[in-house]
Structure formats: structure tokens, C-alpha cells
**Q** 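First the structure, which I've put down as C-alpha cells, then a few questions once you've had a look.
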Protein chains: 2
Amino acid sequence: MRVSAEQRRRELAAAALRVVVRDGVAAATIRAIVAEAGMKLASFHYAYRSRDEVLREVVRLVVEGERETTAAALAEAAAPPASGRADEAGGPELLAALTRRTLGAYLASVHADPGREQGMLELTFTALRTPELEGVAAEQYAQYRGLVAEILAAGAELAGMRWTAPLEELARAIVAISDGLTVAALVDPDADLEPVLDLLVPALVARAEPALTAERIPG
Amino acid sequence: MRVSAEQRRRELAAAALRVVVRDGVAAATIRAIVAEAGMKLASFHYAYRSRDEVLREVVRLVVEGERETTAAALAEAAAPPASGRADEAGGPELLAALTRRTLGAYLASVHADPGREQGMLELTFTALRTPELEGVAAEQYAQYRGLVAEILAAGAELAGMRWTAPLEELARAIVAISDGLTVAALVDPDADLEPVLDLLVPALVARAEPALTAERIPG
DNA sequence: GCGCGTCTGGGACAGTTGTCCCACTTCGGG
DNA sequence: CCCGAAGTGGGACAACTGTCCCAGACGCGC
């Protein structure tokens, strides 16, 4: 079977991601990657120049994946409104519920597939230690913050609220909180992190106030 | 020069820690460790059975180090009271300042020596992936939480406050926050994390109330 | 139909790794 | 003083790594 180099690149990157998630970055050798992809060793250097290059691609792949997950999450968050929302629940309470639910969903995904987020953090650390991957980690996290900012904006709109702190600032805080929760969930999968969410979510929502909608301005 | 096996174990563990901090866990090969310690390769297997065994020892070493750092931090936190404290500043404000200062000091240490905390996280992740190191990560974080709980108790006492949430719960949250801030500082060393602290510290202090001291009970 | 460039297969290479071994040195107690 | 045990030195080993090479097979455009 003959496949284009571009197709091969994608398959190899996907295989590399699977290996990283399952066995960790350290185990993601070129041989392990091509085996996962069901290819021959030589095919690798036909598609990529080096191991670092695949890892860079993997990070890109992951960020893209998060983007899709985010989009899905946003759609889902917008779904349950049918049961009546903006009028029934107050803005702040709704925003808190949304924030809470989103963070909770993320945490559930970590519990469901711990290797995934651990692999991501391992990738980040590898990038930080590898000169050839300079800037990859920073870029990865900039993307994360951008995604979170989108979610924040969407959530506020949904709840009829307005953030009183810069979105980038809030996004940075949430990304940090997510990473912290991730490590906590990885190290101690049985721990109940709900109280931690209860502690942190209000701090976030405290940075929002009811938005003045067009309907309410006339008063 | 002839040294005892015990001495050699300590020196090797210390050398291993230096390598992990400077070059990462992946670079901490047996040869790199003995080179760092200025020993011969054979000396290693005379002191340790395997690489995993040193890593386990390194984690223990690190936790001990954190314990000392913590003790020093507690002493320092107790120092500035000479300028008048409990009476001058309100309990909640003081507790907030203490919390803020402690987290800030930790963050400063990450900026001062990024490799150290990255190395610690790498060690944790390695432990999570290595069957021979099962339980090491959980133990490491249990110790962390214990240390933080001590700091919390001391801080509350200093400020004449009382925590209204279980100490273990608060400690878990703070450890998670610290990890999140660590990753943020590692990935983007130039970022200003002060606003994030401003956001999170009040959430913690909100779980404290003025303690009823003996002097105030009579009323 | 066919030639040429694209892609594949298998192997080879040097470097590095963890582990082990055996001859040697050095010390401490008799 | 001297012998046995504790500690040291240097090297060897197989396994594994990233990288590279070259002969061959395939498919597409002419």
C-alpha cells in the first residue's frame, strides 16, 4: 500500500500521540511510534526529519484536539438552556454553575483518561528542556489560554454577565487551576476534588457582574 | 579515599537530585549521576540496587528539603510581627497578607530556580509511570499536603483566625494551586502571575473566620 | 508501454544505556 | 605484623537508541 507523505505524517503523529498517552514521552521512541503506526522504521525518516519534529507535531495535534473538545463543550453548555435559564436562575448563580460544570467535566476527563493529560504535561516539560522545541510550550499554553478565554466569553454571554477582569488574566488563572487539579487527580485518583472546586469557582465568578443588556437599559 | 556505603548513598542521591534539577529526569542516567558525584560507575551498584531506587531516595530527599524550606518560611513569616501586627492589622487582612506572601515567596523560588520544580514534577510523573515506584508520588504529595496544613495552622494562629474548612481540604487546594502556578511560571517565565494570586488568595481566606480567643470570650 | 521519480524494505552503524564481573587495594582487628 | 573482609577500579556485555544508506518496488504522466 502506498500512501502520500502527508498522510504518513498525520498517521505517525497520531500514533506518536497514542504512545505518549499510553506509555509516556520517554517511551515514545521512533521505533515504538512506527510500530504503533504499523509502519517500517525507514518510513519515519521519510516523513519526519527527527523525533523532535514529530513531538512538535503532536503538540499541535493535541491543541487541535482540545479545540474540538472545547467546541463540543461549548455546544453542550449551550444545550441545557431549553429548560429555561436566564430568567429562572440568576446571572451569577448560572455563571457559577456553568464554570463549575465545565471544570468538573474537564476533571472527569482526566479521571477517565489520566494518561492523556499526564502525557500532555510530559510533552510540555520535554519541550521546555529541549532546545529544538523552544517556544513550543509557550505556544501550546497561549493556545490553551485563548481557548479558555473563548469559553469564558461564551459563558458570560450565556449567563448575561460581564467579566470585570481582563479575560487573559482569568484565562491564565483557569489554566493554572486546571493544571493543578490535573496533577492532583493524577497523583491521587481517589481524592475528592469537589471541595476544591467549591473553593475556587466562587473566586472566579467574583470577577463578573451582571451585564447591562439592551432590555434593561431603558429603566 | 574510602567512604562508607551509607555516606555514598547520600552523596549519590544528592548528585542525582542535582542532575535531575539541572538536566531533567531523562538525563539522570546512572553514568551521569556517578559523574556528578565524582565516583566510578561500579560504586553505584555498590550503594544502590537500581536507578529506580535512587529516584525513590531523591524524592525522599526533596520532601525533606521542602520540610526545611517550610520551617524557614514559617520562621520568617513569624519574624515581621515585631512591627506590630495582631492589633494593628485586622485578622482577615493579616491572614490574606500572610497567605499572599507565602505563595508569592514560593513563586519567586520557582522563578529563581525553574529547573528545581520542573524536576520535581518530572519525578512525580516518572513515579506515576514506573511500577517499581508505585506509591511514591502519592506519598510525596501526602507529605506536601501535610506541610501546607502546618503552614495553614501556623498562619491562622498568627493572624488570630480559624479555618472554617477542613485543613486537608484547604491544603489540597493550595498544593493544586501551587502546581498550577508552577507550570504557568515554567512555561511563561515573563508572565505576571500577581493578578492570579489576587484572584485566588481571597478565596482561601474566605474559608477563615476570627478565632474566639480567651480574652474575647468573657464578653 | 515505459521510464523516472516517489515511496518502501531491510539492514547497518555508532553511541548510549543498565547491569554485571573479577582482579585489585585498603583498612581494621587479631 | 598480617589476614580476611569491605570497598574500588576498569572493563565487558547485551539491549536499545537515533540516524542513515541502498537496493528494490510501485505508480503516474508521457
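Quick note on labels: first sequence line is chain A, next is B, and so on, each numbered from 1. Just so it is clear, the values below take in all heavy atoms, side chains as well, and ignore hydrogens, waters and symmetry mates.
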**Q** Counting side-chain heavy atoms from CB outward, which of D:dG18, D:dA6, C:dT8 is closest to A:Thr29?
**A** D:dG18

**Q** Which is true for B:Arg51 with a 4.0 Å heavy-atom rule: it touches a base, it touches only sugar-phosphate, or it touches nothing?
**A** sugar-phosphate

**Q** Please compare A:Ala42 and A:Ala32 by the position of their nearest nucleotide in DNA chain D and report the one closer to 5'.
**A** A:Ala32

**Q** How about A:Asp179 and A:Tyr144: does a side-chain donor come under 3.5 Å of a side-chain acceptor?
**A** no

**Q** Regarding A:Arg56 and A:Glu139, does a basic nitrogen lie under 4.0 Å from an acidic carboxylate oxygen?
**A** no

**Q** Taking atom types as modelled and ignoring hydrogens, do the side chains of B:Gln140 and B:Thr124 form a donor-acceptor contact shorter than 3.5 angstrom?
**A** yes

**Q** Does the base of D:dG7 carry an N or O that pairs as donor and acceptor with the side chain of B:Arg8 under 3.5 Å?
**A** no

**Q** Both A:Lys40 and B:Arg49 contact DNA chain C. Which one's nearest nucleotide lies toward the 5' end?
**A** A:Lys40

**Q** With the side chain of A:Tyr46 defined as its heavy atoms from C-beta on, choose the nearest nucleotide among D:dT19, C:dC7, C:dT19.
**A** C:dC7

**Q** On the nucleotide C:dC20, are OP1 or OP2 found under 4.0 Å from the side-chain N or O atoms that B:His45 carries?
**A** no

**Q** I need the CZ-P distance between B:Arg31 and D:dA12, as an integer number of Å.
**A** 13 Å

**Q** Look at the rings of B:Tyr48 and B:Phe44 and say which category their plane angle falls in: under 30° parallel, 30 to 60° tilted, over 60° perpendicular.
**A** tilted

